[in-house]
Structure formats: structure tokens, C-alpha cells
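What follows is a short report on a single structure.
Keep in mind it's a predicted model, so treat the numbers as computed, not measured. Numbering of residues begins at 1 and proceeds along the displayed sequence.
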Amino acid sequence: MKKVKFIDLFAGIGGFHRALSNFGSYRGECVLTCEMDRHCRLVYEANFGKQERFSENIRLLTRADIHNEDSALPAEEIRELVPAHDVLCGGFPCQPFSKSGKQHGVKDKTRGTLFFDIMEIVRARHPKFLMLENVRNLAGPKHVDTLATIISAIRAEGYSVLDQPIILSPHLLPPPRKGGEGAPQVRERVFILAIKGEKHEAKLRA
């Protein structure tokens with residue numbers, strides 16, 4: 001099987017880890033896990049064993065001072081803390097995005113949010129694929145500007161990404177994916193998928 005290295009940010013109990021550990025002809029290797037909640041960490045370790053590289057706070061990987069939004073680490077220092085990887089996964093919290101700042105474009109609009117920290121890792125490592133997950137309301141009418149900022153920030157780093165994210169729920173999965181009787185639960189989530197490189201843009205927009 002082909003091996004793919006991934007990092008699991010805001011990992012929860014390991015949904016992305018489970019999916020990527022054995023995905024078709026690919027077998028994923030998790031090279032970094034990040035999760036703040038103690039109970040989630042206990043379940044994660046029970047499911048996947050003790051992780052070689054683990055961080056309780058993403059800002060320990062991206063900032064000199066986790067409380068200072070202007071203290072982003074240089075890319076070379078982030079690369080020392082974050083191993084090279086093919087896929088960046090993250091179910092990031094969606095805090096309000098600032099519209100003011102120091103006129104640094106989309107980077108400044110995301111300053112102070114945890115999405116900013118994801119993008120600092122992206123800028124330092126530029127993995128081939130991004131798989132981001134969030135609540136359904138991110139794609140709703142009240143968060144048009146927030147979603148546009150996220151998409152713009154990803155594209156600014158040379159990624160192809162759809163204007164509108166994918167919305168999935170267990171009850172929408174086709175029968176072969178549901179397992180037996182299926183999954184009646186309605187739990188819609190938003191997924192933002194991005195691929196590094198312009199050659200994929202036409203395919204993504206189709």
C-alpha cells in the first residue's frame with residue numbers, strides 16, 4: 001500500500017485519523033497530533049496508541065507567545081516543530097474573524113483566530129492536500145464573509161479550492177458506505193478540501 005503522512009490538528013477522538021489510517025490503496029501515517037481537550041486525548045490514545053509527536057495547543061507550534069497574535073514563529077522554526085506531511089487535517093473552531101488590522105490582507109483578517117495558526121503551518125510546510133472540517137453554519141448566509149476569507153487565505157498559498165465547501169452527513173452516505181442498516185443520524189458538517197497547484201483547479205471547479 002502507498003504511504004501518506006498526515007498531521008491531525010484539533011483531532012478530537014480521531015475521526016480523520018481513522019479515515020486516513022486505511023484509505024483505499026493508501027495507508028496513512030500520523031506524524032503529529034494536536035488536541036487540547038484532556039478527555040479527547042485519552043480516547044485518542046486508547047484508539048491509536050501513544051503518539052510520537054503530540055501538542056496540546058496548536059499555538060505552541062506556531063507562536064512564540066500563545067497569547068500574542070503578533071508573535072508568529074518564522075517558517076523555519078515551525079518546520080522544526082511540525083514534520084513534513086502530505087495531508088493536513090483539521091476540524092478547527094470557527095471564531096469571529098476580524099475585519100480590521102494592519103493591512104496585511106487575508107493573513108491580517110485571520111489574525112487572532114485558530115485558522116490563522118493552521119495557515120502558518122501551511123505556509124511553512126505547504127502539504128499537498130488540506131482537509132478542513134467545520135460546523136454546517138460556516139456555509140450559511142451569516143458567515144459569507146468568514147468563508148470567503150478562509151477560501152482566499154488558502155488560495156493565496158497556491159491551492160485550488162472550491163468556492164463552496166462540501167456538506168456531508170451520515171444520512172447522505174450511499175448504502176455501501178453506511179454499513180449494514182445505514183446511519184440515520186443527521187449531522188451535517190462542512191468540509192473544505194484543497195489541492196496544492198494550479199493544474200487541479202479546472203477539475204475542482206467542474
Exercise. Go through the steps to decide whether I7 and I121 satisfy the test side-chain contact (heavy atoms from CB on, under 4.5 Å), and finish with yes or no.
Key: CA-CA 10 Å; I7 64 172; I121 293 175; 4.0 Å; yes

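Here the shortest heavy-atom pairing between A124 and A75 reads CB-O, 3.8 Å. Here the shortest heavy-atom pairing between F115 and A153 reads CE2-CB, 3.7 Å. In terms of heavy atoms, Y159 sits closest to P127 at OH-O, 2.6 Å. Contact detail for C30 and H17: the closest heavy-atom pair is CB-CE1, 3.5 Å.
Put simply, CG on L147 and CD1 on I192 are 5.5 Å apart, with the number rounded to the nearest 0.5 Å. Between the CG atom of L114 and the CD1 atom of I58 there is a distance of 6.5 Å, given to the nearest 0.5 Å. Atom CG of L73 is separated from atom CD of E120 by 8.5 Å, given to the nearest 0.5 angstrom. Here NZ of K196 is found 8.0 Å from NZ of K128. Values are rounded to the nearest 0.5 Å.
Formation of a donor-acceptor pair under 3.5 Å by the E35 side chain with backbone atoms of G12 is found in this model. Although no hydrogens or angles enter the test, the distance criterion places no donor-acceptor pair under 3.5 Å between the side chain of R53 and the main chain of V31. D8 contributes no side-chain N or O that, together with a main-chain N or O of A11, makes up a donor-acceptor pair within less than 3.5 Å. No donor-acceptor distance shorter than 3.5 angstrom exists from the side chain of R59 to the backbone of H67, with no hydrogens or angles considered. A donor-acceptor contact shorter than 3.5 Å links the side chain of R125 to the backbone of R79.
Membership of the apolar cluster around V43 extends to I13, as traced through chained side-chain contacts below 4.5 Å between ILVMFWY residues.
Listed by chain and number, the residues in a side chain to side chain donor-acceptor pair (under 3.5 Å) with E69 amount to none (sequence neighbours excluded).
Here the side chains of M131 and V87 are in contact, with some heavy-atom distance below 4.5 Å. By the 4.5 Å heavy-atom criterion applied to side chains, F54 and E45 are not counted as neighbours. Put simply, the side chain of L9 does not reach to within 4.5 Å of the side chain of D117, judged on heavy atoms. When side chains are defined from C-beta on, F6 does not count as touching D86, because their heavy atoms never get closer than 4.5 Å.
Here D163 pairs with R155 in a salt bridge; the nearest charged N to carboxylate O distance falls below 4.0 Å.
A side chain to side chain contact (heavy atoms under 4.5 Å, CB included) with R189 is found for one member of L138, I166, V135 and no other, namely V135.
Applying the 6.0 Å contact sphere to CD of E76 captures more than 12 heavy atoms from other residues, nucleotides or ligands.
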